[in-house]
Amino acid sequence: MRTIHDVAILGAGVVGVSTAYWAAREGLSAIVVDARDSPAQETSFANGGQISVSHAEPWASPRVWRLIAPALFDPQASIRVRLNRDPRQWRWLLIFLAESLPARFAQRADTLLALAIESAQALDAMQQDLGFDAAPGRGILHLHDTAAEAKAWREIGSRLHRAGWPTQSLGPAEALTLEPALATGDSRLYAATYAPGDRFGDAHAFAKRLADASARHGVDYRYNSRVTDLAPEGGAWRIHMEQGGQPAELRARHVVVALGCGSAPLLARLGLSVPIAPAQGYSITVPIAHANGTPRLSVTDEANRLVISPWRRAARGGVSRPRLARRGTAAGSHRADDRAGAAALSGCRRLCGGAPWVGHRPVTPGNLPLVGGTGLPGLWLNAGHGTLGWTLAAGSARRLAKMLKSAD
């Protein structure tokens with residue numbers, strides 16, 4: 001008799017691998033299917049490496065209205081939108097703007113923050129179970145260039161404090177004491193916010209270690225397998241694949257679609273409309289010998305949406321490899337925008353040469369991930385985490401695994 005798995009997870013990024021881990025913890029037999037030859041080869045491959053509870057705030061906020069004109073017309077704007085004739089994109093943008101109204105924003109901000117804190121707790125449980133530190137770096141420092149931005153972050157800090165995730169408001173001198181590497185930058189720093197509970201590390205390395213550990217606990221991984229179709233069959237789902245150039249299939253009672261931006265096209269074949277749009281992010285990892293100026297903390301330049309994470313520290317006399325990333329610079333297309341990438345990382349590109357890595361963050365209009373059922377029995381979704389994939393992965397995976405167990 002052909003094996004029927006309890007759950008098949010489509011996608012081996014940090015969200016999919018986390019889902020597999022928690023499904024196994026719930027006693028479910030899990031198989032993970034991915035088109036690449038190893039875990040976390042797409043969105044999770046070279047992101048900024050932050051687990052940033054302090055940044056768990058929706059893009060769709062009342063402040064977004066002042067960014068609309070630059071987003072549409074300025075190629076160097078911190079957020080860009082490329083318009084086309086696709087009605088799905090226009091529908092997504094209209095919902096996004098509606099979600100930016102104050103009442104809607106406040107509700108979603110609280111929901112997103114609660115999930116981020118839950119996810120940090122779930123990550124702690126994973127680390128204790130598996131015996132490795134997922135994100136060894138501690139503390140994220142947010143830099144502010146203007147009084148208005150500093151004021152906005154004081155309000156964010158108040159909300160974080162009420163939720164049990166405290167931050168510290170710092171002046172320029174205090175920020176420099178905390179992170180001496182800032183002395184090598186320009187002098188426009190007005191203020192800073194420090195989030196000591198946030199973390200940073202290498203999301204790609206974490207996903208690989210988690211996949212290896214969960215495989216030892218019974219999770220089956222099927223790489224080089226591109227899903228071509230899904231079909232319900234006799235109380236289960238038949239998954240059609242292309243595996244190593246040959247047709248293949250498997251069956252599972254539950255299917256979790258965790259394909260990031262690829263989730264919407266696959267579900268569209270089943271008549272399901274999923275409001276996920278790609279937001280391009282860029283990163284470049286820079287080898288610097290004897291880099292005394294490499295930050296100790298992960299630093300976020302809020303005005304320019306730039307992140308630097310020293311996720312690979314130099315040994316004595318060795319090479320440090322800090323990563324510079326830009327969060328969500330362009331929305332509306334899977335095609336890389338070379339102008340935006342060059343503008344975002346021009347300084348780092350001059351330093352080390354080469355083009356930046358480009359990844360696509362799956363963003364929903366309200367910036368909340370889609371975690372739960374699709375309306376079709378046995379078909380589930382865990383996607384749409386935007387720039388907070390690693391931040392929200394453990395919590396959304398644990399939530400969904402409990403749903404799967406309850407439905408089992």
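In what follows, every heavy atom counts, from backbone to side chain, and hydrogens, waters and symmetry copies are set aside. Owing to the predicted nature of the structure, the values given are computational and were not obtained by experimental measurement.
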Does the distance from a Lys or Arg side-chain N to an Asp or Glu carboxylate O, for [X] and [Y], drop under 4.0 Å?
X    : Y    : value
E155 : R159 : no
R138 : D133 : yes
K405 : D6   : no

Less than 4.5 Å apart, any side-chain heavy atom of V33 and any of L250?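 SC-SC contact between V33 and L250 confirmed.
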Is the shortest side-chain heavy-atom distance between M126 and R398 below 4.5 Å?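 M126 does not reach R398 side chain to side chain.
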side-chain contact (heavy atoms from CB on, under 4.5 Å), paired with I276, selected from L370, L267, V363: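 Of all the options given, the one that passes is L370.
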Which value, rounded to the nearest 0.5 Å, describes the distance between [X] atom [atom1] and [Y] atom [atom2]?
X    : Y    : atom1 : atom2 : answer
F45  : K208 : CZ    : NZ    : 8.5 Å
S119 : L112 : OG    : CG    : 10.5 Å
L392 : I117 : CG    : CD1   : 11.5 Å
I4   : R251 : CD1   : CZ    : 4.0 Å
L141 : L143 : CG    : CG    : 5.0 Å
T364 : L368 : OG1   : CG    : 6.0 Å

May I have the step-by-step check of side chain to side chain donor-acceptor pair (under 3.5 Å) for W237 and H254, ending in yes or no? CA-CA 7 Å; W237 285 84; H254 300 281; over 6 Å; no
Is R209 positioned over the aromatic face of F132, cation under 6.0 angstrom from the ring centre and no more than 45 degrees off axis?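 Geometry flag: set, cation within 6.0 Å and 45°.
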After noting the C-alpha distance and the side-chain angles of H204 and Q41, does the key distance pass the side chain to side chain donor-acceptor pair (under 3.5 Å) rule? CA-CA 8 Å; H204 175 238; Q41 292 295 310; 3.3 Å; yes
Can L230 and L266 be said to form a side-chain contact (heavy atoms from CB on, under 4.5 Å), step by step? CA-CA 8 Å; L230 298 173; L266 179 63; 4.0 Å; yes
Qualifying salt bridge (Lys or Arg N to Asp or Glu O under 4.0 Å) pairs with a residue from residues 256-285, counting only residues at least two apart or across chains: none
Is it the case that the side chain of [X] and the backbone of [Y] share a donor-acceptor pair, with hydrogens and angles ignored and the cut-off at 3.5 Å?
X    : Y    : answer
R108 : G366 : yes
S298 : I308 : yes
T374 : W380 : no

Under the criterion side chain to side chain donor-acceptor pair (under 3.5 Å), which of T387, D198, T300, T391 is the partner of Q50? T300
Taking the six-membered ring for Trp and the single ring otherwise, decide whether the centroids of Y190 and H144 are under 6.0 Å apart.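 No, too far apart.
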Mind checking whether H142 and H55 have ring centres under 6.0 Å apart?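 Aromatic pair counts; centres sit under 6.0 Å.
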Give the C-alpha distance, both sets of side-chain angles, the deciding distance and a yes or no for side-chain contact (heavy atoms from CB on, under 4.5 Å) between L123 and I51. CA-CA 10 Å; L123 186 64; I51 298 176; 3.4 Å; yes
Should we count NE2 of H161 as having more than 12 external heavy atoms under 6.0 Å?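 12 or below, so no.
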May I have the step-by-step check of salt bridge (Lys or Arg N to Asp or Glu O under 4.0 Å) for D129 and R25, ending in yes or no? CA-CA 10 Å; D129 179 38; R25 281 278 298 263; 3.5 Å; yes
Least distance between heavy atoms, L115 atom then S396 atom: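 Residues L115 and S396, closest heavy atoms: CD1-N, 3.9 Å.
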Would you say D34 and Y221 are linked by a side-chain donor-acceptor pair, where the criterion is simply a distance under 3.5 Å? no
